[in-house]
Each structure stands twice: as structure tokens, then as C-alpha cells.
Colleague: 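First the structure, then my questions, so here it is.
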Amino acid sequence: MLAPDSFTDLLALASEGARHVEEEGVLSLAIPMAGGDPMALLPRLDGGDSFRFLWDGAPGLCIAASGRTNSLELSGPRRFELAQRFASASLNRLAGHGPCPPLARPRVLLAFGFFDAPLEAAPAAVPGVQAVLPRWQLSRHGRHCWLRLQRPLGGGITARSLAEELWETARHLERLSAEPPQFQPVGVALRSPWQEHYRRVAAQALELVQADALQKLVLAVRQQLTLTTLPDPLALLAPLRRHQGGSCRLLWQRSAGSALIGASPERLLTIRQGQLRSDALAGTAPAGASAAALLQSAKDRLEHELVVDTITAVLARAGLSPRRPRHPRLARHGQLVHLHSPISAALGHHQPLAIAAALHPTPAVAGLPRREAMAWLRSLEPFERGHYAAPIGWVDSAGDADLRVAIRSGTLEGRHLELTAGAGLVPGSAVDRELQEVTLKLGVLQQQLNLPQPPPIAAGLSL
Ligand SMILES: C=C(O[C@@H]1C=C(C(=O)O)C=C[C@H]1O)C(=O)O
């Protein structure tokens, strides 16, 4: 039975599934639904705790999820391997989920930290990885929409109660008007200065690349914004749909008061039916008539080549046969244009998160050589990167996966929004131009979140 389209069918599926639920196993049921925008309906999915997740790749795949049925949080150098083990075990132990279209498959949701572990193990620090098998998963692709509910049986939860809860919630969601959250204008009371410190450390980093101690370093800045009112993270994300069509809009809300939001233009890794794709994205200009000059810029081409070569070499070392285009193309993301090379390979027998572990962090967001660059980032950047530039996404029950690089992002804690942006320093870079590039990235993000602008973004700014 592909899609239970009556309550009787669903109940039969639930009862059959319940007979196969092992100890600590979870019953996972899904039904198709009419209409429904995951972004608009996420606040209506009560998962029993404060975890919320949004993956908005519209017009491609959109997923809203809430509640933790199983979860894992840990730090350390084995985080990718342990997250893979958790994901495989959680998905293999699900009972009741029969064949369904790819959009409806059960998923384990993942948010990594940039580093293996935070510097300080404070409760609010971002751990090396968080992995969640959600209670509710609402997914949509094109006109197709499915709702999934997953819970352990026992303690009053039976196959019948689960089937009823799923059926009634789907009918209830269908009746709601599915308007995306309305944006309420939010002001900015305070913006922290970052420029002076950046100038100093960027000059230091440039000396390192010019002295050949590093080939590349992607130094980031963080701007703290104090907002005038308490914003709804989903309302902040909604305008990004309009402005950042080619990106994937993301929300990872670990607790009620703390959320990562962003619109990532960069794939670390996408796996569909055994085919892998990774994006080399490096080299930046403001969108506009002069953007095509990026293709001729020796400094940007060098920065880009380092990323393409590294991704290709990492995949080859893992035993894959990567294919790369001969020349980069231009990819527009909102008001920015980047050099872009999609790299693809057949995955073979590899597990998605083993490849992610080998790829992260690419020189698009860290530097080269990787180990030395990571150490320099820790000493030069005056903040914890947290989720910034780390992989975030999902793996599903058939082995498909999608992990985006959490750039063009920020974290919201109450009225405090922290935005982070970086730029690659290579021989030939100039501190002033890099400062302009991060200013532009921070400004574009604020504009796309509908926040009032600092100085106007100069459309013709040359980087
Ligand atoms: C590091 C960031 O972006 C990365 C760096 C780029 C560059 O240096 O040109 C371009 C795209 C991204 O891979 C960021 O936006 O924070």
C-alpha cells in the first residue's frame, strides 16, 4: 500500500507496524495531505518540546519538523561517525513505514558545529553535532505533501491512538489557511563594531598567506545586533524566500529561545540515488553589470581553484571518481554573485556522513592547509563559530542525504541576533577589499531579513 488514503487503511498499517516494533523501537506513520506550506504550518506542529526545524528549498523540497523522538548531542573528533551510526540505527528501527515517495521518507535531521567541540562546554554552546529523529515531519515537493508522525509505543500511546493523532492533525492542517508568517517590521537598536579588529587580524592573516605559511584563510567577522522587538524566527526567514530563490532557507531551533536562521547557497553534499554532488563556491562580487568580471579575476579564480582541487582530491582519496567542470560558472544568490563549480561522483558503498566528515570544512569556509587554517581561525577570530559554516541538513531512510553549509546565517537569542560572514584571503588579496566583501555579505543578509540597512549597499561596489 503506497499511500493510506482512508483511516481504515492507516489503522491497518499502524496495527501491522505495531507488531514489528522492537524494544525501544518507534512506530512511524505517514499519509498524504492536501496543500500545505511547511513554513506556514510549522508553528502548528506541536512536537511536545521546543525543537523546530525548517528546510525550505521551495520550489524544491520543503520540510518542517518538530519535537524530538530520538536525539543525540555530542562533541569530539568522531562526531560524524557517531551521528551516522545514530541515524542508521534510528531509521532502521522504525516500524510501520512502508514504501513511500522520496519526499515522505523518514529523516534524521542534523546540525553540526564548525569545530569538533566548542572551546567551552557551557550549556548554551553549540555541540559538535545534534541529530534528531523528529516526532512530526511535514514535507512538500511541488504539489505533493505528506505528514509523518513517529512515536514509541507504550505509556498510553497505541497503534490506534497514533493513527488517530496523525489522521486528525492532517485534516486540521488542511483546514488552516496556509499563509507564510507575516513580517512585522523590526528595528535595530544597536550594532556592534567589528571593523577595527578585522583590519588587524586580516593584515596578520595576509602576512601568513604571503609568507606561504598558509595558502588560504577564510576569516570571518561577527556582528551583534540588538533588535527593538522580539522577532519570530520564521517571520525573519519568510522574506528570504523572495530574495534568495536559489538558496535553501534554514531554521534549527534547539530550544525556545535560540535559533539558527539562514539561507545557504552552498551544498556540502547532496546524495540522490547513489549520486553525490558537492558545490565549490568561492569568489564573490555584487550582482550587477560588472559581475562577469569575476570570471577574469586572477585572485578570485585562484581562490576558487583551491576549493575545486581540494574537494576533488578529498573525494578521490575516499576512492570515488569525481567529475568537475573545466571552468567555473557564475551563480547568483540574491545580490551576490559567486564562482561556482558543481562536482559530482557515484557514491559507491560509502556512507553519507563519512564523506561529509572528509569534506568538512572545505577551503571555501576554512582555508589551506586545513589543520593549520583551523588553528589560525581559533586564534584570530574573537568568537566561537558555532553553527556558522558548518553542515546542516538530513539523511533519509533510503540513504539519500542533503547537507548545506550554514553560511549567510545568524543566530537569534531573544532580541539578540548575531550575523557572521567571512571572505577568503589568498596571495593578492587586499585587506580593504576583503573588508568590503564581508560588509557586503552582512549588509545583504540584513536587507534580506528585512532589517533596516546600515550604510547603503553600493550596487557597483567593486571587490
Ligand atoms: C565564507 C562565506 O562565503 C564563502 C566564501 C566566499 C568567498 O570568499 O568568495 C564565497 C562563497 C562562500 O563559499 C560567507 O558568506 O560567510
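Along the sequence shown, residues are numbered consecutively beginning with 1.
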Colleague: Taking atom OG of S429 and atom CG of L217, what is their separation to the nearest 0.5 Å?
Modeller: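 Answer rounded to 0.5 Å: 10.5 Å.
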Colleague: Might you work through the side chain to side chain contact (heavy atoms under 4.5 Å, CB included) test for H304 and S341, ending with a clear yes or no?
Modeller: CA-CA 9 Å; H304 187 77; S341 300; 2.7 Å; yes
Colleague: Any sub-3.5 Å donor-acceptor pair from S75's side-chain atoms to G128's backbone N or O?
Modeller: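 Here the side-chain-to-backbone pair exists.
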Colleague: Has H350 got a side-chain atom pairing as donor or acceptor with A318's backbone, closer than 3.5 angstrom?
Modeller: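 Yes; at least one donor-acceptor contact below 3.5 Å.
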Colleague: Do L147 and W136 have side chains that get closer than 4.5 Å, going by heavy atoms?
Modeller: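 Of all side-chain heavy-atom pairs linking W136 with L147, at least one is under 4.5 Å.
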Colleague: State, with a plain yes or no, whether a side-chain heavy atom of L82 is found less than 4.5 Å away from one of R85.
Modeller: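 Answer yes - side chains close enough.
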Colleague: Only one of H338, E303, H333 forms a side-chain hydrogen bond (donor to acceptor under 3.5 Å, both in side chains) with T284, so which one is it?
Modeller: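 Among H338, E303, H333, the one meeting side-chain hydrogen bond (donor to acceptor under 3.5 Å, both in side chains) with T284 is H338.
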Colleague: Do P231 and L412 touch side chain to side chain, with heavy atoms closer than 4.5 Å?
Modeller: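 Yes, at least one pair of side-chain atoms sits under 4.5 Å.
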Colleague: Taking all non-hydrogen atoms of both residues, which atom of V405 and which atom of R267 are closest, and how far apart?
Modeller: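 The answer is CG2-C, 4.4 Å.
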Colleague: Answer yes or no: is there a side-chain heavy-atom contact under 4.5 Å between R105 and C100?
Modeller: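 A side-chain contact exists here, since the closest heavy-atom pair is under 4.5 Å.
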Colleague: Using a 4.5 Å cut-off on heavy atoms from C-beta on, say whether the side chain of Q253 contacts that of L42.
Modeller: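 Answer no - side chains too far apart.
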Colleague: Is a side-chain N or O of R222 found less than 3.5 angstrom from the main chain of E384, in a donor-acceptor match?
Modeller: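 Answer holds: yes.
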Colleague: First locate atom OG of S192, then atom CD of Q223, and finally report the distance between them rounded to the nearest 0.5 Å.
Modeller: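 Reported value, rounded in 0.5 Å steps: 5.0 Å.
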Colleague: Donor-acceptor pair, distance only, cut-off 3.5 Å: does the side chain of Q150 make one with the backbone of P134?
Modeller: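 Pair found, side chain donor or acceptor close to backbone of P134.
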Colleague: Looking at G422, is its backbone amide N or carbonyl O close enough to the side chain of Y388 to form a donor-acceptor pair, meaning the two atoms are under 3.5 Å apart?
Modeller: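 Side chain of Y388 to backbone of G422: a pair is present.
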Colleague: Quick one: CG on L133 to CG on L109, what's the gap to the nearest 0.5 Å?
Modeller: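 L133 CG to L109 CG: 8.0 Å, rounded to 0.5 Å.
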Colleague: Does N450 reach the side chain of L236, with side-chain heavy atoms less than 4.5 Å apart?
Modeller: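 Side-chain contact under 4.5 Å: no.
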Colleague: Between R415 and L227, is there a donor-acceptor pair closer than 3.5 Å when you use the side chain of the first and the backbone of the second?
Modeller: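 Answer holds: yes.
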Colleague: Is the backbone of S88 close enough, under 3.5 Å, to the side chain of N92 for a donor and an acceptor to pair up by distance?
Modeller: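 Yes, because the side chain of N92 sits within donor-acceptor range (under 3.5 Å) of the backbone of S88.
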Colleague: Without swapping roles, check the side chain of R332 against the backbone of A287 for a donor-acceptor pair under 3.5 Å.
Modeller: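 Checking the backbone N and O of A287 against the side chain of R332, no donor-acceptor pair under 3.5 Å is found.
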Colleague: Rounded to the nearest 0.5 Å, how far apart are CG of D402 and OG1 of T270?
Modeller: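 Going from CG on D402 over to OG1 on T270, the span is 3.5 Å.
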Colleague: Give the intermediate values and the outcome of side chain to side chain contact (heavy atoms under 4.5 Å, CB included) for residues W194 and L435.
Modeller: CA-CA 10 Å; W194 51 268; L435 189 131; 4.2 Å; yes
Colleague: I'd like to check P369 versus L214 (side-chain heavy atoms, cut-off strictly below 4.5 Å). Are they in contact?
Modeller: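 Heavy-atom side-chain distance check passes, below 4.5 Å.
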Colleague: Which atom names give the shortest non-hydrogen contact between A263 and L240, and what distance separates them?
Modeller: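 Closest approach of A263 to L240, heavy atoms only: CB-CD1, 3.9 Å.
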Colleague: Can you tell if the side chain of R249 reaches within under 4.5 Å of the side chain of L54, non-hydrogen atoms only?
Modeller: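 Of all side-chain heavy-atom pairs linking L54 with R249, none is under 4.5 Å.
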Colleague: Evaluate Q130 against H387 for side chain to side chain contact (heavy atoms under 4.5 Å, CB included), listing each step before the verdict.
Modeller: CA-CA 11 Å; Q130 299 165 65; H387 286 300; 3.5 Å; yes
Colleague: Work out which heavy atom in V221 is nearest to a heavy atom in Y198; give both atom names and the distance.
Modeller: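 What the structure gives for the nearest pair is CG1-CD1, 3.1 Å.
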Colleague: Taking salt bridge (Lys or Arg N to Asp or Glu O under 4.0 Å) as the criterion, tell me which of R324, K299, K216 meets it with E305.
Modeller: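 With E305 as partner, R324, K299, K216 yield a single salt bridge (Lys or Arg N to Asp or Glu O under 4.0 Å), made by R324.
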Colleague: Could you report the tightest heavy-atom contact between V395 and P352, atom names first, then the distance?
Modeller: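 Shortest heavy-atom separation between V395 and P352 comes out as CG1-CB, 4.3 Å.
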Colleague: Quick one: does any side-chain atom of R301 pair with a main-chain N or O of L339 as donor and acceptor, under 3.5 Å?
Modeller: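 No, R301 side chain to L339 backbone: no donor-acceptor pair under 3.5 Å.
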Colleague: Quick one: does any side-chain atom of S66 pair with a main-chain N or O of L45 as donor and acceptor, under 3.5 Å?
Modeller: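 Flag set: sc S66 to bb L45 pair under 3.5 Å.
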Colleague: How far does NE2 of H360 sit from CG of L268, to the nearest 0.5 angstrom?
Modeller: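 H360 atom NE2 to L268 atom CG measures 8.0 Å (nearest 0.5 Å).
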Colleague: Please name the residue in the list R378, R79, R371 that meets the salt bridge (Lys or Arg N to Asp or Glu O under 4.0 Å) test with D116.
Modeller: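 With D116 as partner, R378, R79, R371 yield a single salt bridge (Lys or Arg N to Asp or Glu O under 4.0 Å), made by R79.
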Colleague: Which atom names give the shortest non-hydrogen contact between D232 and R52, and what distance separates them?
Modeller: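 Heavy atoms only, the tightest pair is OD1-NH2, 4.4 Å.
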Colleague: Can you tell me how far CD of Q84 sits from CD1 of I355, rounded to the nearest 0.5 angstrom?
Modeller: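 The CD1 atom of I355 sits 10.0 Å away from the CD atom of Q84.
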Colleague: Between L250 and S409, is the side chain to side chain contact (heavy atoms under 4.5 Å, CB included) condition met? List the steps.
Modeller: CA-CA 9 Å; L250 298 164; S409 65; over 6 Å; no
